[in-house]
Amino acid sequence: MIILIQIISSIMIPVMILGICLFGYLRGIRVYETFVEGAKEGLMAAARIAPYLIAMFVAIGMFRSSGALPFIAKLLAPIVSLLGMPPELLPLMIIRPLSATGSLGALVDIFKTHGPDSPIGMMASMIQSSCETTFYVVTIYFGAVGIKKVRHTLALGIMADILAIIGSVLIYNHLRAW
């Protein structure tokens with residue numbers, strides 16, 4: 001059974017590509033030319049969003065290097081404790097809207113320190129899975145189409161992240177008590 005699954009998984013992508021090309025050909029679509037045109041559009045979109053992406057990465061790098069994260073975490077610790085949220089989750093909570101990779105690193109640190117099955121590990125998993133990388137999404141998607149006025153979207157995205165964090169903590173605490 002395992003050998004059959006390995007064989008199927010190794011041929012699945014080439015079969016899909018071949019199937020799509022054959023389907024397009026049978027429908028009268030000039031497959032190669034269409035592919036090349038799509039590749040050109042993809043490269044142009046990448047060139048359009050590159051400055052926004054670079055600016056975002058520079059800003060995230062400056063934030064991480066500045067030492068502001070521990071300072072902000074210390075300021076917010078009393079507030080999050082009132083919600084029943086361990087202060088150890090603050091780095092994850094702050095980094096998640098900025099960077100998926102950075103928040104994954106914070107999640108791994110929490111797992112190493114407290115364990116994935118600990119209350120902190122479970123809350124961290126819920127936060128990681130329920131929040132979005134708001135700043136990244138706004139930067140990339142809005143930059144790709146040239147939208148410059150993002151304040152309402154950004155405000156709503158941050159509000160959604162905050163509600164997702166609070167909801168994660170409240171749901172976990174409720175389920176734990178139940």
Side-chain angles (χ1 to χ4, degrees), residues 13 16-17 20 34-77 79-80 83-114 116 119-175:
I13 291 178
M16 285 177 52
I17 292 171
I20 291 168
T34 304
F35 173 79
V36 170
E37 189 61 36
K40 283 181 190 176
E41 289 177 21
L43 285 174
M44 290 187 328
R48 277 194 314 270
I49 66 171
Y52 299 101
L53 193 58
I54 291 168
M56 186 195 65
F57 285 145
V58 167
I60 290 170
M62 289 171 55
F63 176 72
R64 293 176 80 186
S65 300
S66 72
L69 183 60
F71 177 74
I72 293 171
K74 191 177 273 191
L75 284 175
L76 294 175
I79 297 168
V80 297
L83 295 171
M85 179 178 161
E88 293 88 353
L89 295 175
L90 279 165
L92 174 65
M93 180 184 89
I94 294 167
I95 294 173
R96 182 64 182 154
L98 300 172
S99 165
T101 306
S103 66
L104 191 56
L107 180 67
V108 169
D109 289 342
I110 290 169
F111 285 169
K112 285 180 183 174
T113 305
H114 303 283
I120 292 174
M122 289 187 195
M123 273 191 232
S125 296
M126 290 176 70
I127 290 169
Q128 178 77 6
S129 62
S130 64
C131 293
E132 183 57 75
T133 52
T134 303
F135 288 93
Y136 178 84
V137 168
V138 167
T139 300
I140 297 304
Y141 297 134
F142 280 41
V145 294
I147 297 173
K148 297 197 184 325
K149 295 180 180 179
V150 298
R151 72 176 177 173
H152 297 299
T153 304
L154 196 56
L156 287 172
I158 292 169
M159 192 181 318
D161 286 334
I162 291 169
L163 290 174
I165 290 166
I166 292 170
S168 296
V169 172
L170 292 176
I171 289 169
Y172 176 80
N173 286 335
H174 178 73
L175 291 176

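- For the pair L156/M159, a side-chain contact is recorded, criterion being any heavy-atom separation below 4.5 Å from C-beta on.
- Atom CG of residue L107 and atom CD1 of residue I95 lie 11.0 Å apart, to the nearest 0.5 angstrom.
- Although no hydrogens or angles enter the test, the distance criterion places a donor-acceptor pair under 3.5 Å between the side chain of S129 and the main chain of M126.
- Once rounded to the nearest 0.5 Å, the distance linking CG of L89 with CD1 of I110 reads 5.0 Å.
- Minimum heavy-atom separation, L98 to F135: CD2-CD1, 3.5 Å.
- Around the CD1 atom of I13, the shell of radius 6.0 Å holds no more than 12 heavy atoms that belong to other residues, nucleotides or ligands.
- Between the side chain of R96 and the backbone N or O of Q128 there is at least one donor-acceptor pair closer than 3.5 Å.
- When the shell of 6.0 Å around OH of Y172 is examined, it contains more than 12 heavy atoms from other residues, nucleotides or ligands.
- Atom CE in M85 sits 10.0 Å away from atom CD1 in I120 (nearest 0.5 Å).
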Please assess F63 against I72 for the test side chain to side chain contact (heavy atoms under 4.5 Å, CB included), listing each intermediate value before the final yes or no.
CA-CA 11 Å; F63 176 72; I72 293 171; 3.8 Å; yes

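- Judged purely by atom type and a 3.5 angstrom limit, S103 uses its side chain to pair as donor or acceptor with the backbone of A100.
- Atom-to-atom distance recorded for L92:CG and L104:CG is 9.5 Å, nearest 0.5 angstrom.
- In this structure, the side chains of C131 and I165 come closer than 4.5 Å at one or more pairs of heavy atoms.
- One finds the CE atom of M93 at 7.5 Å from the CD1 atom of I162 (value rounded to the nearest 0.5 Å).
- Pairing each heavy atom of S130 with each of A164, the nearest pair is O-CB, 3.5 Å.
- The shortest non-hydrogen separation linking P70 to G67 is CD-O, 3.2 Å.
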Please test K74 against L90 for side chain to side chain contact (heavy atoms under 4.5 Å, CB included), starting from the C-alpha separation and ending with a verdict.
CA-CA 9 Å; K74 191 177 273 191; L90 279 165; over 6 Å; no

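- Atom CZ in F111 sits 9.5 Å away from atom CE in M122 (nearest 0.5 Å).
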- Item | Stepwise side chain to side chain contact (heavy atoms under 4.5 Å, CB included) test for V137 and E132 | CA-CA 8 Å; V137 168; E132 183 57 75; 3.6 Å; yes

